[in-house]
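Proteins get letters first, then strands, A, B, ... in listed order; numbering begins at 1 in each. Note that the coordinates shown come from a computational prediction; the quantities given were computed from them, not determined experimentally.
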Number of protein chains: 4
Amino acid sequence: MSTHPTGKRTGRPRSASADLAILEATRAALVELGWGKLTMSDVAGRAGVAKTTLYRRWANKHDLAVDAVAVLFDELQLPDLGSLRADVEGVVLQFAALLERPEAKTALMAVVAEATNDAALRLRIRSSIVDRQKRLVVEGRRRAQRRGEIPPDPPGTDPAPQIDLIFDVIAGAVVHRTLVSGEPVDATWVAGFTALLLTGLASA
Amino acid sequence: MSTHPTGKRTGRPRSASADLAILEATRAALVELGWGKLTMSDVAGRAGVAKTTLYRRWANKHDLAVDAVAVLFDELQLPDLGSLRADVEGVVLQFAALLERPEAKTALMAVVAEATNDAALRLRIRSSIVDRQKRLVVEGRRRAQRRGEIPPDPPGTDPAPQIDLIFDVIAGAVVHRTLVSGEPVDATWVAGFTALLLTGLASA
Amino acid sequence: MSTHPTGKRTGRPRSASADLAILEATRAALVELGWGKLTMSDVAGRAGVAKTTLYRRWANKHDLAVDAVAVLFDELQLPDLGSLRADVEGVVLQFAALLERPEAKTALMAVVAEATNDAALRLRIRSSIVDRQKRLVVEGRRRAQRRGEIPPDPPGTDPAPQIDLIFDVIAGAVVHRTLVSGEPVDATWVAGFTALLLTGLASA
Amino acid sequence: MSTHPTGKRTGRPRSASADLAILEATRAALVELGWGKLTMSDVAGRAGVAKTTLYRRWANKHDLAVDAVAVLFDELQLPDLGSLRADVEGVVLQFAALLERPEAKTALMAVVAEATNDAALRLRIRSSIVDRQKRLVVEGRRRAQRRGEIPPDPPGTDPAPQIDLIFDVIAGAVVHRTLVSGEPVDATWVAGFTALLLTGLASA
DNA sequence: TTCTAACCGAGACGGTACGTCCGGTCTTCAA
DNA sequence: TTGAAGACCGGACGTACCGTCTCGGTTAGAA
């Protein structure tokens, strides 16, 4: 979210449409130029807005980028495909498709890089992007437990660490495959990954 | 690697110590400043070298960063700890320790980010950093097969995709946990991750 | 003068006190900051007034400055000191004292500078500041003629060019001495200047 | 003069031609745009030079302007026209012609305005522009003394105050007539002014 | 007394220049 | 030929200010 003044009343109110135009312009510029060539002036120009207006709402390029791409991640869904295997494959393919989009991958990696020594940015990424997608793991896990595909939570146990673990493994594998190894996430790879995730190395 | 002139003989030879000093200075600057504040002038100053010397050996900032951190990843080892579980836990802890080092994580993410739209840099990262660590998976897998912990490769099958998969899962999970989720990789998490990797979700 | 609405009757009338507060604030800001650092926001703040209020009354910074300093020049007087020499010395000292005031000199030069390519501003300066001070020359000259210190106007001659000339010589010399040469206008200089003005170079 | 590094030896030397190109570009920009619209970027562009190069040599717009116009004033000459009256008329006309040039008048007034609260700039103006033109008064006075048109310096007297006075009166009258009163300096006015200067008010 | 038009403070807006910084190149002299 | 030094071009940065605009709210005179 952009930085909104909190308790103010007076003065001309900020243009609501400007926020949307700026975020859209940011994504468009990321697609065309990539992170390194992205400039605030260019974004302002595309959005039909003055540079001042950007800086009034976001402190810098990285904060703006987080907001610009966060909405993309909210598009991920988990339709019930009938089995844990199918559900996992479905979400992995969706996530891989998202990471193919230049604005998503380029912005995500750039802000993560900057966040390695910027605690505030780290928090912003977590709250705006990462934590919101854990809903997918929570839901998929609940379904699989109902179907009896995985054991129910033992009473008195906090499921959060397990949820975080599964999330890091799935998201991490896809991100690493796509952005570090630089190989495509195709049906074959997804099938292999899902099999490994469900039954483990020992039976691979 | 820095770019060494190939067939030249005459003239003053390049200072051999300069390469090491520059790479060391780069790592030091990364620790103190992070990627965003890192400047070539600063690196040159720390290394007691002129900017010209940097550019004579590396084409740009990103190439220099790749070389500066690549050597860190070569320190990873896979001592035989007697079981697949122990070997996995050992290497995960080593890798996590490496990613705790600011110069490693900050440079790695920065170059990966830039590589999202720079194919040449992508290749350089793969050859200098990523592919060289697959040796760890190859070796661990061979040992586990000898011990009978995992089945041998079926004849006529290329083991490479399986190796790549395991590598992406392990490296991806640790990277995502550390840099995206921003949570520590401690003994508890490593145990849980290793259990999941060995036996899969179904039995978790 | 500030721009007053002409034929209007209804609605809330403009605050009369605001005009004075704004002009006073402008002079104070000029003293402290000089022309280059003077900002409309700052003036508004000092006057306890919104920026809108300034722009409702003056079209821009330069017009405001002209009005702010014009009143200072109206303070100049020409008491009858008994002789042309004494009258000239008296008015020169007064004028020099005025130009010592930072708000006067800084604003005067700034608007003159801007006026070099702004005809409207040039007119405004002449009508608000320059022409109004010619009264001093007219009066001093009339007195000297009565005393017989200078010859009477020949019949059929327009005295205006002569008045303008004397005005430019006196005002110009003081302004140049103070603002361009940057030397003080002290009693010695005034005596020398008056002697030169009265009897000319040949007898100096 | 631009700011030249003093005791340095090493490194690429500053481009000598850049100085000239920048000063010429500054004058051209002043003619076209006037002071208020003059920008450093524009000057840099006209000179075919980077903005950094400007700031490496001049601290700001005003210092640059002083140097850019100073050379114009050095063009003033004092050919011997045979009499003091003719010499005065000649130099006044030359000076008036100079002040008709937009780059001269606009820059001169702007820097004088800024100098009203900038002591360093005041010094720069004096040394680069003002003091150098006193040579004209010195020479004209010497000639007139030789011709017997004005009395010789009394022994034991410092002629400097008298020179400064004459300079301020002549330059001040022309500047005030041109820039403040906004009236032309034509032959009629010059004749009247010279007469006043030579014989004084009493005989006018 | 109520209406209402013009006023007011506050502050966001588009635009534009500022002066700084850095990436990557080029030019000099010395080793 | 390499190296140190540092000037060079190009261009983005984030800030500051101008003059305009849009709010909600106030105030005096007209109805």
Length of the line joining A/Ile22:CD1 and E/dC13:C1', which is rounded to integer Å: 11 Å
Spacing between C/Lys61 atom NZ and F/dT20 atom P, to the nearest angstrom: 15 Å
Listed nucleotide nearest any side-chain atom of A/Arg57, set F/dC8, E/dG24, E/dA12: E/dA12
A/Arg56: side-chain hydrogen bond (donor to acceptor under 3.5 Å, both in side chains) partners, not counting sequence neighbours: none
Atom-to-atom span, CG of B/Asp63 to P of E/dG23 - whole angstrom: 14 Å
Listed partners of B/Arg27 passing side-chain hydrogen bond (donor to acceptor under 3.5 Å, both in side chains), at least two apart: B/Glu24
Nearest to side-chain heavy atoms of A/Thr10, which nucleotide of F/dA5, E/dC7, E/dG11: E/dG11
E/dC7 phosphate, OP1 or OP2, under 4.0 Å from C/Arg56 side-chain N/O: no
Whole-Å distance separating the CE atom of D/Met40 from the P atom of E/dG19: 6 Å
Separation of atom OH in B/Tyr55 from atom P in F/dC8, rounded to whole Å: 18 Å
Spacing of A/Asp42 atom CG relative to F/dC13 atom P, expressed in whole Å: 9 Å
Selection: residues 28-39 of chain C, any non-hydrogen atom under 4.0 Å of DNA chain E: none
By salt bridge (Lys or Arg N to Asp or Glu O under 4.0 Å) - contacts of D/Asp118 (at least two apart): none
Contact nearer the 5' end of DNA chain F, comparing C/Asn60 with D/Gly11: D/Gly11
Contacts of C/Arg126 that satisfy salt bridge (Lys or Arg N to Asp or Glu O under 4.0 Å) - sequence neighbours left out: C/Asp131, D/Glu183
Closest to side chain of B/Thr53, choosing from E/dG14, F/dG3, E/dG9: F/dG3
Euclidean distance, atom CG of residue C/Asp19 to atom P of E/dC7 [Å, nearest integer]: 12 Å
Options E/dT20, F/dC8, E/dA10, nucleotide nearest the side-chain atoms of D/Arg14: F/dC8
Donor-acceptor pair, side chain of B/Ser127 and main chain of B/Leu123, under 3.5 angstrom: yes
Check against salt bridge (Lys or Arg N to Asp or Glu O under 4.0 Å), A/Asp63 and A/Arg57: CA-CA 10 Å; A/Asp63 281 5; A/Arg57 300 171 189 221; over 6 Å; no
For D/Ser17, all residues meeting side-chain hydrogen bond (donor to acceptor under 3.5 Å, both in side chains), sequence neighbours excluded: D/Ser15
Closest-nucleotide ordering on DNA chain F, the 5'-leading residue of B/Val49 and A/Pro13: B/Val49
Polar pair under 3.5 Å, donor/acceptor by atom type, side chain D/Arg12, base E/dC26: yes
Touch class at under 4.0 angstrom, heavy-atom based, for A/Lys51 against every strand present: base
D/Ser15 side chain near F/dA7 phosphate (N/O to OP1/OP2, under 4.0 Å): no
Sugar-phosphate only, base, or nothing, as touched by A/Thr52 at under 4.0 Å among non-hydrogen atoms: base
Distance in Å, A/Thr26 OG1 paired with A/Lys61 NZ, rounded so as to fall on 0.5 Å steps: 11.0 Å
Interatomic distance where CG belongs to D/Leu64 and P belongs to E/dA17 [whole Å]: 16 Å
